Enquirer: 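Before we start, here is the structure in question, set down as structure tokens.
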Amino acid sequence: METLPQATIPSARFHVAVQAEDFDLQAEMRTLSAGDRGIGAITSFVGLVRDLNLADDVVAMELEHYPGMTEKALIRIAEEAAVRWPLHGVSIIHRVGKLYPGDAIVLVLVASAHRHAAFEANAFIMDFLKTRAPFWKKEWTPEGPRWVDARETDYSAAARWHKVVSEQYGNDEHD
Amino acid sequence: METLPQATIPSARFHVAVQAEDFDLQAEMRTLSAGDRGIGAITSFVGLVRDLNLADDVVAMELEHYPGMTEKALIRIAEEAAVRWPLHGVSIIHRVGKLYPGDAIVLVLVASAHRHAAFEANAFIMDFLKTRAPFWKKEWTPEGPRWVDARETDYSAAARWHKVVSEQYGNDEHD
Amino acid sequence: MQVTLLYFARLRERFGMAEEQLSLPEGIQTVAGLIAHLAARGDVWAEELAGERVYRVALDQEMADFSAQLHHGAEVAVFPPVTGG
Amino acid sequence: MQVTLLYFARLRERFGMAEEQLSLPEGIQTVAGLIAHLAARGDVWAEELAGERVYRVALDQEMADFSAQLHHGAEVAVFPPVTGG
């Protein structure tokens, strides 16, 4: 991992939440960017419960987490992104409890002066969230519940970032 | 460019708009994903007018476009993305007219079953929009207006996609 | 051959017009020929189209290069490199 | 040395508990020693912790590996690989 450019972290706002309630993308974006006129780009990722994901007759998904550790892990992931890219803010909201196809599971918002930083940091956060944040999914089917197994592809997606060479983001680009 | 996998385009929804009014991210996301339970990932990009971008005393930004060609160019860019990644939908909204620091300029929403496809297609669309869609920015300062020059970095960002090797997106991943 | 010309942004302002109808002289068949014809007007037309300035051309609302063939009724737009997003 | 153990997801269900307080025998100083101690209970404990099954350990709410040193009052969590997002 790169050494820490001390200047970047204090300037970034981090917000993390684990909640049963749904979130509003527009409201979260406004909160993240309020008052910061240096932000030129905001990316968001929203993960949804999908049907195909839910083989055969899955009717719902249930998310369990590790209260206390979860919030720390999400903050840690946001901080790691802010070390690698010049970010103005990161907001991560992860839902828990029972969710149904079409429901949102997770929101990651990243604000930066530069669009490429905002895209890459968001993808980085999702890849690390999938392997480092203590959430577990259970699928509910007519035959009963079953735990979802971790996927090898998520671990390889997270691992690839160790190889990514940090790019230079100067002031040549405004969003 | 790759040959066209005929199956992907008809299944994707495309929506483009050029408008003076602001947009609501949550409402646009809902519209894009409504009724499609195969979507596991939605990424968004929002470009904002920023202060730093606006050297010295810039008080506003004005966006001009080429009515008719703009909409075609945006649809074309969305279609090119859908050829390269397995997308369920793309929504592009670009604002025109007078805008102020903190205002949103552009929204790109991409829906897919897979998170990496949704991230990459969104970055691709933004890079191409910056070089192919007929919009021009004018900055208003106390000394008068001035047109913003195109940046070399935007052209190199768009050019790099020609070198990107199309990855395989199977059904190993749900968001 | 009759074409519609559209100018945008800085070029619209410098040329002092957003649109014009033009009857092309015999022998002008391509975008390159049309641009040379316009640059021959001299002054700002030569400055913008025959000098160091970079510009783009769209033919019938698609980006076009200098070799593109014109046709009767074509819509040709000339504008600076785009700066949207 | 007293530690708090937490189990999540499939492990919570298989072990039939979410949490337990444990006084460790002398000589258990690391995560590896603790896991061996739990696996020695046999049955589902051995199946989940000493077999082919993959699991993760967190020490004081940070991901930890087997060589991590325990301390009095430590919070040790054992759970399957995570599947959030």
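The shown structure was predicted, so the numbers you read here are calculated from the model rather than taken from an experiment.
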Enquirer: With a 4.5 angstrom heavy-atom cut-off, could you sort out which part of Arg76(B) is near chain C: side chain, backbone, both or neither?
Expert: side chain

Enquirer: On a heavy-atom basis, which atom in Trp147(B) and which in Glu13(C) lie closest, and how many Å separate them?
Expert: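 Answer, listing the atom of Trp147(B) first, then Glu13(C): NE1-OE1, 2.9 Å.
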
Enquirer: Please answer whether the main-chain N or O of Phe8(C) pairs with a side-chain N or O of Trp136(B) as donor and acceptor at a distance below 3.5 Å.
Expert: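 Side chain of Trp136(B) to backbone of Phe8(C): no pair is present.
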
Enquirer: Taking side chain as everything from C-beta outward and backbone as N, CA, C, O, which of these in Ala73(B) sits under 4.5 Å from a heavy atom of chain C? Side chain, backbone, both or neither.
Expert: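 Neither part.
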
Enquirer: Is any side-chain heavy atom of Met63(C) closer than 4.5 Å to a side-chain heavy atom of Met69(B)?
Expert: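 Touching, per the 4.5 Å side-chain cut-off.
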
Enquirer: I need the Arg12(C) CZ to Tyr66(B) OH distance, nearest 0.5 Å.
Expert: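 Atom-to-atom, Arg12(C):CZ and Tyr66(B):OH are 14.0 Å apart.
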
Enquirer: Mind checking the CD-OG1 spacing from Glu64(B) to Thr83(C)? Nearest 0.5 Å is all I need.
Expert: 9.5 Å

Enquirer: For Leu129(B) and Val82(C), which heavy atoms make the closest approach, and how far apart are they?
Expert: O-CG2, 4.4 Å

Enquirer: To the nearest 0.5 Å, tell me how far Asp60(C) CG sits from Lys72(B) NZ.
Expert: 7.5 Å

Enquirer: May I ask you to check whether over 12 heavy atoms, not counting those of Arg41(C), lie within 6.0 Å of atom CZ?
Expert: yes

Enquirer: Nearest 0.5 Å, please: how far is CZ in Arg132(B) from CD in Glu62(C)?
Expert: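 Taking CD in Glu62(C) and CZ in Arg132(B), the distance rounds to 10.0 Å.
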
